[in-house]
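To keep things clear, I will list the structure first and then write my remarks on it.
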Amino acid sequence: MMSQEQNDLITRTGPKDPCGKLMRSYWQPAALVDELEGARPIRPVRLLGESLVLFRDESGRYGLIDRHCAHRGADLAFGRLEHGGLRCAFHGWLFDAIGQCIETPAEPKDSKLCQNIRQRSYPVVEKSGILWAYLGEGEPPAFPEIDCFIAPGSHTFAFKGHMACNWLQALEVGIDPAHASYLHRFFEDEDTSTAYGKQFRGASAGSDLPMTKILREYDRPIINVEHTEYGLRLIALREIDEERTHVRVTNQLFPHGFVIPMSTEMTITQWHVPVDDENCYWYAIFTSYSNPVDKQKMRDQRLELYELPDYVSRKNRSNDYGFDPHEQQTATYTGMGTDINVHDQWAVESMGAIQDRTKEHLGSSDKAIVQYRRLLRQEIEKVQGGEKPMLFLDEANARSIQGPATMDGIGPTRGWETYWMEVDVKRRRGAPWTAPVPKELADNVHRLTAAE
């Protein structure tokens, strides 16, 4: 359990909140690049409790500025894109991509009023299908050279989805290896050859055992948590028999991301980005180490659940997440269909807008969550003391963070510690793009053996 004060410290991300100051030390996903396609590339954005408007001008520059016009507060999300900026529809005031007012057409011709008027603005960069914004002070950090940022566009796909709850409880599902055996349990196994684009539906690496079977029948994983330069590494072990153990390696990417295996070919790097304290978006980049991503198929699969333009789930609290008691008895543990995003959404939204952690009782399977909360408090204290937090990198150190390695496969019960590294290294060396081998793995895997 924790006190209410402690819970507030690690959940609230407004401009004056300690955790909000930490979050503003990092680039934050603000929108998908896809959202600014079309004839009118303007989107309202709510991010870290701030109301903003994102746009792309005629020259292709992105701007992220205060949503309410500096004149009399009208909504710039309804503005006009013209003459090098975004023009307010109320009196025609025009703002460029850095928020500078460049025209006040209702004023006298010789007026210099606009010279001293500037909307608050934030820098925006495009990376791997996502538009990233930096809401902090000073120079923004460099992006780490992790796989989803290194892979070519042909081998990545980005998507997002809304959750009506605080960012922290959404993140904590992703660093909880035990829940998958229950929340995502299927009573029957499907043909694994049709699993493309679906998590936990394919076969585990090195076997023909479906992941659904492994999660269902081996539901008491041994969980190891290791501290790394980028956050935490989680290793979940499910012993099949004396000779074979299922090994799943995932990562917490500080401050609010994780990197997990989706299949033998693909990983998911996902961030849980505060809209405000009671809403968040998950942003995911799917990275393939073999064939180019079938973006149309991946997008179509996800649009069966998520509704545009706000990427809100069609299954939600208003319709009980599609709950079917007969399905719960016969097909799935939750009775909420086969899309695991719905399962996760129900779990985290059912806790309330901000989970009351003063009433929870954690067990040994929650060890990664305990370690992450300690890490989060530690880094909040650093920022409060004027220090740079973990993973705030400069260009010289960006390459120091690579990978991180993931694995989901069945290896030897004795020797799994090297086996998972070998599997990851083999995949990287066989990729059609230059997938860097993290130094830790390179130092430990001198030759491929069990993974060959």
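Just so you know, residue 1 is the first one in the sequence shown, and it goes up from there.
Here the closest heavy-atom approach between residue I42 and residue G79 is recorded as CD1-O, 3.6 Å. Here the shortest heavy-atom pairing between A368 and L234 reads CB-CD2, 3.6 Å. Scanning both residues, P29 and L47, for their nearest heavy atoms gives O-CD1, 3.8 Å.
Here the side chains of E349 and M163 are in contact, with some heavy-atom distance below 4.5 Å. Annotation: side chain of D147 is in contact with side chain of P436 (closest heavy-atom distance under 4.5 Å). Counting heavy atoms from C-beta on, the side chains of Y372 and L171 come closer than 4.5 Å. Here the side chains of D8 and E5 are not in contact, with every heavy-atom distance at 4.5 Å or above. Counting heavy atoms from C-beta on, the side chains of N251 and T228 never come closer than 4.5 Å.
For Y281 and W167, the gap between ring centers reaches or exceeds 6.0 Å. For H272 and F258, the gap between ring centers is short of 6.0 Å. A distance below 6.0 Å separates the ring centres of W282 and Y306. You'll find the ring centres of W271 and Y26 outside the 6.0 Å limit.
Checking side-chain atoms of S288 against main-chain N and O of V293 turns up no donor-acceptor pair under 3.5 Å. Formation of a donor-acceptor pair under 3.5 Å by the Q252 side chain with backbone atoms of G257 is found in this model. Here the side chain of Q169 pairs a donor or acceptor atom with the backbone of Q355 at under 3.5 angstrom. In this structure a side-chain-to-backbone donor-acceptor pair under 3.5 Å is missing from R317 to S350. Side-chain N or O atoms of Q28 include one that pairs as donor or acceptor with a backbone N or O of M23 at under 3.5 Å. Distance alone, capped at 3.5 Å, places no donor-acceptor pair between the D66 side chain and the H68 backbone. Using modelled atom types, one side-chain atom of R56 and one backbone atom of L36 make a donor-acceptor pair closer than 3.5 Å. Listed for the D366 side chain is a donor-acceptor partner under 3.5 Å among the backbone atoms of G363. Here the side chain of K295 pairs no donor or acceptor atom with the backbone of A158 at under 3.5 angstrom. No side-chain donor-acceptor contact under 3.5 Å links T406 to the backbone of V249.
Remark: of the listed residues M2, R357, R373, R373 is the sole one forming a side-chain contact (heavy atoms from CB on, under 4.5 Å) with L362. Applying ring-ring contact (aromatic ring centres under 6.0 Å, His included) to W132 and the options F149, Y283, W27 leaves one that passes, F149.
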Ring pair (Phe, Tyr, Trp, His ring centres under 6.0 Å) for Y333 and W346? Distances and angles first, verdict last.
CA-CA 13 Å; Y333 203 74; W346 163 78; 9.8 Å; no

Run the side chain to side chain donor-acceptor pair (under 3.5 Å) test on E327 and T332 for me, step by step, so that the C-alpha distance in whole Å, both residues' side-chain angles and the decisive distance to 0.1 Å come before the verdict.
CA-CA 6 Å; E327 179 196 308; T332 68; 2.5 Å; yes

For the pair V370 and K367, evaluate side-chain contact (heavy atoms from CB on, under 4.5 Å) and give the outcome as yes or no after the intermediate values.
CA-CA 5 Å; V370 172; K367 61 175 64 176; 5.5 Å; no

Is there a salt bridge (charged side-chain N to carboxylate O under 4.0 Å, His left out) between K297 and D300 once you walk through the steps?
CA-CA 5 Å; K297 184 170 186 175; D300 289 347; over 6 Å; no

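Ionic pairing of R24 and E50 is present here: one or more N-O contacts between side-chain nitrogen and carboxylate oxygen are shorter than 4.0 angstrom. In this structure, K315 does not pair ionically with D339, as no charged nitrogen and carboxylate oxygen lie closer than 4.0 Å.
Note that R43 lies outside the cation-pi zone of Y311, set by a 6.0 Å cut-off to the ring centre and a 45° limit from the axis.
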